[in-house]
Amino acid sequence: MRHALKAILTPFFFLLILASCATGPSREQALVSRAVDAMGGANALAGLKTVWAKGSTKQWEPEQSDVPGGEMRFANEAAFEVNADRSARASRTDYVKNFAYPAPRTFTYSEIVMPQAGYVIGVDSNGRNGQSMKANPPAHSMSGLRLASTQRESRRANVTSFVLDMRNNPASVAPAADVVAEGRSWPAVSFQGFIVAFDPQTGLPARIRTLDYDNVWGDVNYDTVLSQWRDFGGVKVPMVRKSELNGRVVSETTITDLRYNGPVDVARLQIPAAILATAAKPATGDVPYQWVIRRQYIGTYMDSDHVSYDTLGSPGLRLQDVAPGVSQLQGGTHNSLLVEMRDHLVVFDAPVTDAQSVWVVNAAKAKYPGKPIRYVVLTHHHMDHTGGMRGFLAEGATLVVGQGTAAHYRRVLASPTMRNPDLKARDFSRVQTVEVADKYVMSDGKREAVAILMDSPHAKGTVLGYVPDAKLGWVTDIWSPGVPLPAKPNPGLVAVVNAVKKANIQPERFAGGHGATAEYAGLARLAGQ
Ligand SMILES: [Zn+2]
């Protein structure tokens, strides 16, 4: 029977194949071929063996704003020089990065990227990992997460080889829906995780998109937008590349000098053998690209193969008792506080990712059995302290946030999260939200956990936490308890002292979203109280 069916079907399929051949190249192949020709032709593109370029980049972080949903923070402006050897698939980029946020500082460092490993020479972050701290002078191999992210971004930045790759791998080029951007429709193809949109007039690639996951806004479009094409000996190159996150420009790179096929000092593109031997391979699977890329924008990225903690410097997350029935999540780059009530728990801050929150939920179930998390208090809206809110809210908790910020969180919670690697997508639009106008007291009749609205130079609608019976406060980003205090009080520290006075509370200690715990008296003394 099966043979008989095959006998009938085979000539039919043969005819189909003939018919498709007769219609010529597919729409997708035609778009790719036209782009290759518009950029100078396959032979010219294949002839580009080495690249040297200089330029500058400006970056902005949307989710570190002063006002929730407000203007993006300008993060840094960098000068860079890149040398690449395409046949070896090796490159070196030297950076001088001048940061404006979270504090003015300059990082001068180099990145060497090979197919199997990445290497960073110099200091590129306030959050250095164990390997960087031990090395003298500072250097470290890239985590697999960073290597995969860097390789992905460099693939679409090297648009001449990217387009050639599409042409040489026709089986990987598939149909895609038109990309709608800038008020018009662009024909597009999909290719190895990218969606490539073409300019219908010039045929040039205009926009290279990935479908990313953002811990705040959920499913997002992340686009490289190519413009200002210039001719280099018959090859067309875009001199300006902007990165758009859901249509907002978060990065703008301008190439000022470019040379192909000049001499390249290959010794400068080598990763030392001892580093290569232990360096991470590029990560596969769910790479939190937006976290890895944008923490670098503000120079706070912890280069680690776990987003929550330094795998080379920390044994991992743990719940640390800081008062009777009060635990601080420690061991990671960002902390939470758990307060045990009669029949439930209150949690302050939901940092990093839902994977971290799910870890906390499970640890809390083991430590405080039968007590579900009923309230999630967020000190402020920044992505690194709210990116795990869904993991707690999925337990049925109420969201407690500062005055004037609830509308922002409702927009965030209404956004789609089909790509969330840590949590099944669900409807968060009916989450109960409470705005703290002055003080919001969560009480079980005996113990209280208090959320106090405060003025902060760090973010509008900031909340301070307080557990009266433990005389323990909770503060994030404006004071990191346990980290040595500066010689002079800064505006953030002064704001904490003013808030304590205004709320008329008597904390003995504070725990924090960074750091650990510290006596309050030390801060009060510093602020001259
Ligand atoms: Zn912050």
Side-chain angles (χ1 to χ4, degrees), residues 59-76 99-105 125-127 214-217 245 250 288 290-302 307-309 328-330 332-337 347-353 356-357 376-389 392 399-406 408-409 412 436 451-465 473-483 486 490-496 498-499 510-516 523:
Q59 293 172 330
W60 295 263
E61 170 50 57
E63 298 313 317
Q64 299 286 143
S65 54
D66 181 37
V67 178
E71 208 179 301
M72 297 185 287
R73 291 274 190 186
F74 171 60
N76 77 75
F99 290 87
Y101 183 85
R105 65 221 189 275
S125 174
N126 290 81
D214 175 64
N215 60 355
V216 172
W217 290 105
L245 183 67
V250 293
Q290 285 302 315
W291 178 268
V292 176
I293 292 167
R294 282 164 46 213
R295 296 308 283 171
Q296 294 183 61
Y297 281 14
I298 60 172
T300 59
Y301 176 61
M302 166 62 69
V307 263
S308 291
Y309 62 89
Q328 184 179 25
L329 175 71
Q330 293 184 359
T333 56
H334 296 68
N335 312 328
S336 291
L337 191 77
V347 60
F348 287 87
D349 281 337
V352 188
T353 60
Q356 179 162 324
S357 303
V376 181
V377 184
L378 299 178
T379 56
H380 67 299
H381 68 283
H382 290 170
M383 53 100 111
D384 53 331
H385 296 280
T386 61
M389 68 180 134
F392 291 129
L399 185 65
V400 180
V401 295
Q403 190 173 38
T405 69
H408 164 75
Y409 288 106
V412 166
V436 182
I452 298 163
L453 186 74
M454 66 171 286
D455 286 327
S456 164
H458 187 72
K460 294 280 183 299
T462 288
V463 165
L464 196 77
W474 175 257
V475 60
T476 296
D477 278 359
I478 39 183
W479 179 26
S480 297
V483 176
N490 59 43
L493 298 173
V494 171
V496 175
N498 288 341
F510 264 86
H514 296 290
L523 176 63

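In what follows, residues are counted from 1 in the order of the sequence shown. Numbering of ligands and ligand atoms starts at 1, following listing order.
Of the N and O atoms on the side chains of Glu61 and Tyr101, not one donor lies less than 3.5 Å from an acceptor on the other residue. Donor-acceptor pairing under 3.5 Å is lacking for the side chains of Asn215 and Thr353. Between the side chains of His334 and Thr476, no donor-acceptor pair of N or O atoms lies under 3.5 Å.
Taking the six-membered ring where tryptophan is involved, the planes of Trp474 and Phe348 are tilted, since the angle between them lies from 30° to 60°.
Its N, O or S atom nearest to the Zn ion (ligand 1) is what matters here, and for His380 that atom is NE2. Take the N/O/S atoms of Asp477: the one nearest the Zn ion (ligand 1) is OD2.
At a threshold of 2.8 Å, the Zn ion (ligand 1) has a backbone or side-chain N, O or S atom of His382 nearer than that distance.
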